[in-house]
Student: 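Shown below is the structure under consideration.
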There are 2 protein chains.
Amino acid sequence: MDDLETRELRYFVAVAEELHFGRAADRLGIAQPPLSRAIRQVERRLGVVLFERDRRGVVLTDAGRVLLREARTALDAVAAAARRTRRAGNPERPLVLATKAGASHDLLRRLLDTHAAQPGAAPVEVLLCEVGEQAGLLRDGRADVALMHRPVDDLAGFDTEDLHTEGQVAILPAGHPLASRRRLTLADVRDVPGLPIARWPRLDGTYPEGPGPEVRTQSQLAQLVALGRTLLVIPASSRAWQWPDHVAVPVVDAPEITTVIAWPPASRSLEVAALVRSAVAAGAAGEAERWTDDRRHHRGTAGPRSPAPR
Amino acid sequence: MDDLETRELRYFVAVAEELHFGRAADRLGIAQPPLSRAIRQVERRLGVVLFERDRRGVVLTDAGRVLLREARTALDAVAAAARRTRRAGNPERPLVLATKAGASHDLLRRLLDTHAAQPGAAPVEVLLCEVGEQAGLLRDGRADVALMHRPVDDLAGFDTEDLHTEGQVAILPAGHPLASRRRLTLADVRDVPGLPIARWPRLDGTYPEGPGPEVRTQSQLAQLVALGRTLLVIPASSRAWQWPDHVAVPVVDAPEITTVIAWPPASRSLEVAALVRSAVAAGAAGEAERWTDDRRHHRGTAGPRSPAPR
DNA sequence: CCGCTGTGATACCTCCCCGGTATCACCCGT
DNA sequence: ACGGGTGATACCGGGGAGGTATCACAGCGG
């Protein structure tokens, strides 16, 4: 009597995103009347009004907003079930590791080397993605594990293990007055004339107000940095990005960034567990290297919140 | 072309649990042939064999085991979507807080009092459940928040906030030789003649080997304790359970138990956030009380892994 | 005031596919 | 060899998903 079908959830999400039955039907590849009927049926079944029909477009009710959020995660879970099952059935099944392009480069290399050195280690496929994409990839099964960063990424719903904590640096053109400083503060780099900080889109796709250029992808940002048009505060290890004519200056009061390896709590396969172990070992190796190195050392503080997958 | 329907997932889970098409069909209220066909269709669609048909019952393949795990969480997510949406539509929507019967009694009372004192606080319904049930209740939307205990409960997939950490005590009949001791160690209470520790079922429903009685519910356990038939090591605050003719003796080397409030990361409603805030306040109040009190004091160590819901 | 446009809702039809019944193919015990 | 019990197959009927045509209604320009 209750129990939604994934088809109904897909239909609802389409309408909720388009806020227009016609366009949603078009996107779904069906006609509009069946879509209207399906949504009505969901509303009747749940005993709840999902849309305020206004003769001029549609708006979500409170209940509709709740269902939109829940439906997305439910659909992701269903998609993940299919994807992971397909992969489990195939003899070839490389683990997919998602990471932001350019970030944590050294750690990633150590991780892959460490893992490859394990006897019988599963092959690992690296999936480079844009900022904030990792969570979705993990949730719907396109990735098995991800390197993410606290506190900038949303780690809600994943198990994580800390790998490495570090400070942030500002990236500046070599000739800039601030480039000669040994250290900077956030106050120094805020509102630098001619070097505004780039603006990333919010969750709803709009951009915050400000003088900086709008960016959407890392490659856009990289180009702007190369052009000397924007100022960047990033984790020290992301300096793989750095151009020859730019310098990195530590920003002493910027929040420390912890690189973590994250995986969906449901997936506790042996392969994932082995990869997480390799990652932790690689993280520890990196920490040790920093001790012998003369750089500033940061230790992860918060312990793992849940045990490594079994 | 791909994309599983929840009906198919339900069917698969039924067969995977029964390992018998006939019984599964019976349980689902349909006939056996459509069920066989549906499973075959899923296998064809995923391109994967889920069951090894053996002419004498059925066994899951590796891929089948993966799908069983994934399908359960996906179905829970779908059920949660329906439940939470229904609740959001109703004007009356008490928050449901799940907690183990008898555990954390004082904290729960403080929590409810603190929350009720907030202006405009949503009504809270307390759902008492058995050990280990909370995770399922949270996952499928029957509960909004839960009091759980680290490290005994599986917190994977939830956001949590620490409330209170405490040591454990052994519950003994008053006349027992160990009852006069001021403190005990785990070695003392293991293999006490005549007072074996009760055995809980594993995830698969079987019981570990051992001399103790098999228990399945807290009330069974309470009765065994009342009869003086079993020995119990529980958090100090669970002494609400204690019978007059039993005493509690601290077990100094037992792992400390942290009571946490947990919620699904997807649900970030204002109501849940307010309740979590009340819980944290109540936890802090309890800690303060302990300082003025003369009892042993334990402080939560690991910080919150993710910020409170917004 | 009257069409015109664009929205979602309704009516009605068609056909697919889910589910039921009957039966088969096969492996077991004796 | 032969029933008993398993899951698979064949076939049929009906409910419901999806399509087409149309309506009801709001805004808007003439």
Side-chain angles (χ1 to χ4, degrees), chain A residues 1-61 63-65 67-68 71 75 78 82, chain B residues 1-61 63-65 67-68 71 75 78 82:
Chain A
M1 135 196 181
D2 47 81
D3 223 17
L4 301 167
E5 287 299 321
T6 69
R7 180 180 51 82
E8 302 176 304
L9 291 176
R10 269 202 319 277
Y11 288 5
F12 168 77
V13 170
V15 177
E17 284 179 354
E18 298 284 348
L19 291 178
H20 190 290
F21 280 76
R23 280 195 299 275
D26 201 38
R27 195 175 106 186
L28 292 166
I30 65 172
Q32 169 258 319
L35 180 57
S36 286
R37 194 178 39 185
I39 300 293
R40 280 228 164 276
Q41 184 170 333
V42 171
E43 287 182 319
R44 250 186 306 115
R45 200 146 6 136
L46 294 177
V48 155
V49 180
L50 297 171
F51 295 103
E52 213 64 69
R53 278 87 157 171
D54 193 55
R55 285 275 183 251
R56 199 133 211 97
V58 205
V59 291
L60 280 167
T61 63
R65 266 184 293 277
L67 184 57
L68 178 57
L75 286 176
V78 172
Chain B
M1 134 197 182
D2 47 79
D3 223 17
L4 302 167
E5 286 299 320
T6 69
R7 182 180 50 83
E8 302 176 302
L9 291 176
R10 269 201 319 277
Y11 287 5
F12 168 77
V13 169
V15 176
E17 284 178 354
E18 299 284 348
L19 290 178
H20 190 290
F21 279 76
R23 281 196 298 275
D26 202 36
R27 195 175 104 184
L28 292 166
I30 65 172
Q32 170 257 319
L35 181 57
S36 286
R37 193 179 40 185
I39 299 293
R40 279 228 164 276
Q41 185 170 331
V42 171
E43 288 182 319
R44 251 186 304 116
R45 200 142 10 133
L46 294 177
V48 155
V49 180
L50 298 170
F51 295 103
E52 213 64 69
R53 277 85 158 173
D54 193 57
R55 285 279 182 247
R56 199 127 211 102
V58 204
V59 292
L60 279 167
T61 62
R65 266 185 293 278
L67 183 57
L68 178 56
L75 287 175
V78 172

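Side chains are part of it too, since the values below use all heavy atoms of this structure and drop only hydrogens, waters and symmetry mates. Chain letters run A, B, ... following the sequence lines, proteins first and then strands; every chain starts at 1.
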Student: I'd like to check A/I39 versus A/R53 (side-chain heavy atoms, cut-off strictly below 4.5 Å). Are they in contact?
Tutor: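 SC-SC contact between A/I39 and A/R53 confirmed.
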
Student: Roughly, in whole Å, what's the span from CD in A/E52 to P in C/dA9?
Tutor: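 After rounding, the gap between these two atoms is 12 Å.
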
Student: Considering only heavy atoms from C-beta outward, does the side chain of B/L60 approach that of B/L50 to under 4.5 Å?
Tutor: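 The answer is no; the side chains never approach within 4.5 Å.
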
Student: Closest heavy-atom contact between A/L28 and A/Y11?
Tutor: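 In this case the closest contact between A/L28 and A/Y11 is CD1-CD1, 3.5 Å.
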
Student: When the distance from CG of B/L28 to C1' of C/dC18 is rounded to whole Å, what number comes out?
Tutor: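 Taking CG of B/L28 and C1' of C/dC18, I get 14 Å after rounding.
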
Student: Can you name the nearest heavy-atom pair linking A/R23 to A/H20, along with the distance?
Tutor: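 Result for this residue pair: N-ND1, 3.0 Å.
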
Student: Taking atom C1' of D/dG7 as reference, at what distance in whole Å does atom CZ of B/F51 sit?
Tutor: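 After rounding, the reported distance stands at 12 Å.
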
Student: For B/V78 and B/L9, what are the C-alpha separation, side-chain angles and deciding distance, and is it a side chain to side chain contact (heavy atoms under 4.5 Å, CB included)?
Tutor: CA-CA 11 Å; B/V78 172; B/L9 291 176; over 6 Å; no

Student: Is any side-chain N or O of A/S36 closer than 4.0 Å to OP1 or OP2 of C/dA9?
Tutor: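 Looking at the OP1 and OP2 atoms of C/dA9, one of them is under 4.0 Å from a side-chain N or O of A/S36.
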
Student: Atom CG of B/L35 and atom P of D/dT9: how far apart are they, to the nearest Å?
Tutor: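 Going from CG in B/L35 over to P in D/dT9 covers 14 Å.
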
Student: Which atoms form the tightest heavy-atom contact between B/R27 and B/A14, and what is the distance?
Tutor: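 Nearest heavy atoms, B/R27 then B/A14: NH2-CA, 3.6 Å.
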
Student: How many angstroms lie between OG1 in B/T61 and CD in B/E43, if you round to the nearest 0.5 Å?
Tutor: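 Here the rounded value is 7.5 Å.
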
Student: With a 4.5 Å cut-off on side-chain heavy atoms, are A/T6 and B/L4 touching?
Tutor: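 Side chain of B/L4 against side chain of A/T6, heavy atoms only: no contact under 4.5 Å found.
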
Student: Protein-nucleotides 15-22 of chain D N/O pairs closer than 3.5 Å?
Tutor:
| unit_1 | atom_1 | unit_2 | atom_2 | d |
| --- | --- | --- | --- | --- |
| D/dG18 | OP1 | A/Y11 | OH | 2.9 |
| D/dG18 | OP2 | A/Y11 | OH | 3.3 |
| D/dG18 | N7 | A/R37 | NH2 | 2.1 |
| D/dG18 | O6 | A/R37 | NH1 | 3.2 |
| D/dG19 | OP2 | A/A31 | N | 2.5 |

Student: How would DNA chain C look in dot-bracket form, 5' to 3', counting Watson-Crick and G-U wobble pairs with both distances under 3.5 Å and writing | for bases paired to another strand?
Tutor: ||||||||||||||||||||||||||||||

Student: Determine the interplanar angle of the A/F12 and A/F51 rings, folded into 0 to 90°, and report it as parallel if under 30°, tilted if 30 to 60°, perpendicular if over 60°.
Tutor: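 The rings of A/F12 and A/F51 sit tilted, inter-plane angle from 30° to 60°.
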
Student: Taking the side chain as every heavy atom from C-beta outward, state whether B/E18 and B/D26 have any atom pair closer than 4.5 Å.
Tutor: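 A side-chain contact under 4.5 Å is absent here.
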
Student: Under 4.0 Å from any atom of DNA chain C, heavy atoms only: list the residues of residues 17-26 of chain A that qualify, in numerical order.
Tutor: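 Nucleic-acid contacts, sorted: A/H20, A/F21, A/G22.
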
Student: Please find the pair of heavy atoms, one from A/A25 and one from A/L35, that lie closest to each other, and give the distance.
Tutor: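 So the two residues come closest at N-CD2, 3.4 Å.
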
